[in-house]
2 protein chains.
Amino acid sequence: MKTALSKNRLPLHVEISEMLAREIQAGILADGSRLASERLMADELGVAVGTLRKALLELTQKGLLERVQGSGNYVRKPKQSQNIDTIYSFFRLELLKGGGLPTAQVLSVERLNKAEYFPALGPQFGTAADGFRIRRLRRLNSINSAIEEIWIDAPKNRNVSVEDLSDSLYLFYRENLKFWITGVEDQVSVNKIPDWTPITFAQKTSASSLNNEHKIWGYIERKSYDQTNMLAEYSLTWFNPEVARYVARIK
Amino acid sequence: MKTALSKNRLPLHVEISEMLAREIQAGILADGSRLASERLMADELGVAVGTLRKALLELTQKGLLERVQGSGNYVRKPKQSQNIDTIYSFFRLELLKGGGLPTAQVLSVERLNKAEYFPALGPQFGTAADGFRIRRLRRLNSINSAIEEIWIDAPKNRNVSVEDLSDSLYLFYRENLKFWITGVEDQVSVNKIPDWTPITFAQKTSASSLNNEHKIWGYIERKSYDQTNMLAEYSLTWFNPEVARYVARIK
DNA sequence: CTTGTTAATTGATACACTATTGATATATTG
DNA sequence: CAATATATCAATAGTGTATCAATTAACAAG
């Protein structure tokens, strides 16, 4: 008998709800903050208001959102209690002592020809000939923790500049580029830090003999898929193992 | 239906139901995922919709499926049968070229006093004064890939020997120790390989300059929680980054 | 500075419409 | 009873628009 593997996507409102739940859980959407208006948000996501409202209803049922007519929708992040039900899994960088508020400093944003500049071993993604290459520093509690190179597709009509990019790229993708991430795969290994690593960055790390001579750091390759299941973002991250570690949890 | 497998055994709908139950059990059909529509699925299986629906009814009665008219059929995996140990697990080691059949060779199993031998920085776990320390080699497609140290609680009446651990550890936990793993947290970083690494193991790795001088490998600390949400297993894994990598996936 | 009114914004509700999907019923063949 | 095949019903998903109700911001009057 043939196996019946074919699966389907979850309903759109569920996927949106889960995406927002993850962003709340990760702190990308801060506790107490107000979401954009439903009309605007629906427009950014490219869905009807009714669909978005279904997603928001599910968030309120999970206790992650408070909705006030005439005022707005407010993020509510309950203490560890109810979270157990809503959070299944996540991956992130965190400080060795745990946690850490993530921030980032963009070093460069460049439109580059994929054939010429994109990593040879990287995956195919997007339809344009060019891609945007974003390089940035990542900090946790203001401590230099990792450097990162991110690739997204660069169609003719898409433009990205350093000023556009806040700490969370996901918010930028959703609000400006009209796509959002519904699935990721991380491959974690070790690697030498790249030649473009800022000198000040590497120097600020301790002088331990463990990794100093060869600058061998933790290394993450991430493939992120959007709502149409296309590879929308490819990133490479080198993290300093004396400062941070990669954490994955599943419940 | 004229496939070779269905040779006058059980009714077709029972066979289909059992096949799907196996796939749910194995994690091929993940908890929460949505099946293809009944019409499409029946077509793929080469059976009539009515037959498929009988099979789905049986899954519903076993509690493995939730059916929602107008929306879809959703996999529901009861907590009792949730276990992380499937080849489709979202957190795993794999070969650099992808995949790899995991096997293991146990080096030692010892009952040791926790206070004396358990890693100082490790977490509290269990109630007994002793713990079992299991050390083993892990292979992927028979290729040496990682070494691993695992700790589980060692109450007075619990006994573990090398012979017990031929198969999957999770299977042993479940069948002999009466607990099963429902959640894990992995912390991934880099570290020197421990002094008990078998010489033959380390030598077999390539002579690349990347990690040869300091033997800096990928390093995973895993905390595994059982059905009562207690820390039931704590493991430390060193993996050779020239052979394997750690992979995490969501969605 | 406070107060009251007005206008704009925002969430809530309702409805129309299309498409998909599970549920039900029936007829037919072994 | 098992299985196929077909038609029809009912619930959900999603888009789109209009309207109501609560809140907020703006502003003029005192």
Side-chain angles (χ1 to χ4, degrees), chain A residues 1-2 4 6-20 24 29 32-76 175 178-180 182 226-229, chain B residues 1-20 29 32-76:
Chain A
M1 182 182 300
K2 257 191 71 144
S6 71
K7 288 183 288 187
N8 266 358
R9 310 217 55 154
L10 294 176
L12 194 48
H13 60 89
V14 175
E15 294 211 330
I16 293 173
S17 164
E18 289 182 348
M19 169 197 68
L20 293 172
I24 292 171
L29 297 173
S33 65
R34 201 184 83 163
L35 298 182
S37 78
E38 296 181 354
R39 291 165 179 81
L40 174 60
M41 208 169 163
D43 189 57
E44 286 173 350
L45 291 170
V47 303
V49 178
T51 305
L52 174 64
R53 283 180 56 79
K54 278 188 188 175
L56 297 180
L57 174 64
E58 288 155 22
L59 287 179
T60 54
Q61 289 166 343
K62 291 176 185 170
L64 294 173
L65 196 68
E66 185 176 334
R67 310 173 76 184
V68 184
Q69 180 175 168
S71 177
N73 296 317
Y74 299 89
V75 174
R76 291 284 175 264
E175 294 175 359
K178 310 293 182 195
F179 71 83
W180 68 91
T182 61
D226 67 12
Q227 69 275 19
T228 67
N229 237 6
Chain B
M1 190 78 196
K2 52 176 197 261
T3 34
L5 268 176
S6 54
K7 42 183 176 186
N8 297 343
R9 296 192 321 150
L10 291 168
L12 193 46
H13 62 267
V14 176
E15 283 194 39
I16 293 174
S17 166
E18 289 177 349
M19 176 198 74
L20 291 172
L29 295 171
S33 64
R34 177 169 171 258
L35 299 182
S37 77
E38 296 180 354
R39 291 162 178 84
L40 175 61
M41 208 169 161
D43 193 53
E44 285 177 350
L45 288 168
V47 303
V49 177
T51 307
L52 174 63
R53 282 180 57 78
K54 278 188 188 175
L56 296 180
L57 175 63
E58 290 156 22
L59 287 179
T60 312
Q61 289 164 345
K62 289 179 190 167
L64 294 174
L65 197 68
E66 183 179 340
R67 310 175 76 184
V68 183
Q69 179 175 170
S71 181
N73 295 318
Y74 298 88
V75 174
R76 293 283 177 261

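Keep in mind the model is a prediction, meaning the values are calculated, not measured. Letters A, B, ... are given to chains in the order of the sequence lines, protein chains preceding strands, and every chain is numbered from 1.
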**Item:** Inter-axis angle, terminal five-pair segments of the helix from C:dC1-D:dG30 to C:dG30-D:dC1 [nearest 10°]
**Value:** 30°
**Prompt:** A:Ala48 or B:His13: which one's nearest nucleotide on DNA chain D is closer to the 5' end?
**Reply:** B:His13
Check: residues 55-65 of chain B side-chain donor-acceptor pairs under 3.5 Å, at least two apart:
residue	atom	partner	partner atom	Å
B:Glu58	OE1	B:Ser17	OG	3.4
B:Glu58	OE2	B:His13	NE2	3.4
B:Thr60	OG1	B:Leu56	O	2.8

**Asked** Looking across every strand, which nucleic acid part, if any, lies under 4.0 Å from A:Val47 by heavy atom: base, sugar-phosphate, or nothing?
**Response** sugar-phosphate
**Asked** So does A:Lys54 get a side-chain nitrogen or oxygen closer than 4.0 Å to the phosphate oxygens (OP1/OP2) of D:dA13?
**Response** yes
**Asked** CG of A:Leu52 versus P of C:dA12: gap in Å, rounded?
**Response** 11 Å
**Prompt:** What is the per-nucleotide protein-contact pattern of nucleotides 19-25 of chain C, from the 5' end, where B denotes a base atom under 4.0 Å from a protein heavy atom, S denotes such proximity for sugar-phosphate atoms only, and - denotes neither?
**Reply:** -BBBBB-
**Asked** Hey, does the side chain of A:Glu38 reach the backbone of A:Val49 with a donor-acceptor pair shorter than 3.5 angstrom?
**Response** no
**Request:** Drop me the distance from A:Leu10's CG to B:Ser33's OG, to the nearest 0.5 angstrom.
**Result:** 7.5 Å
**Item:** CA sep, side-chain torsions, deciding dist, call: A:Arg34, A:Glu66, salt bridge (Lys or Arg N to Asp or Glu O under 4.0 Å)
**Value:** CA-CA 9 Å; A:Arg34 201 184 83 163; A:Glu66 185 176 334; over 6 Å; no
**Fill in**
In terms of heavy-atom contacts, A:Leu40 and A:Ala36 come closest through CD2-CB, 4.0 Å
**B:Met41 side chain reached by B:Leu20 side chain, heavy atoms, under 4.5 Å** = yes
**Asked** Any ion pair linking A:Lys178 and A:Glu44 (charged N to carboxylate O, less than 4.0 Å)?
**Response** no
**Request:** Give the rounded distance in Å between these two atoms: CE of A:Met41 and P of C:dA12.
**Result:** 13 Å
**Request:** Would you kindly give the CG-to-C1' distance between A:Leu10 and D:dG14, to the nearest whole Å?
**Result:** 16 Å
**Item:** Within-4.5 Å side-chain heavy-atom neighbours: A:Ile16 and A:Trp180
**Value:** yes
**Message:** Counting the atoms with a prime plus P, OP1 and OP2 as sugar-phosphate, which does A:Leu56 contact under 4.0 Å by heavy atoms, base, sugar-phosphate, or nothing?
**Reply:** nothing
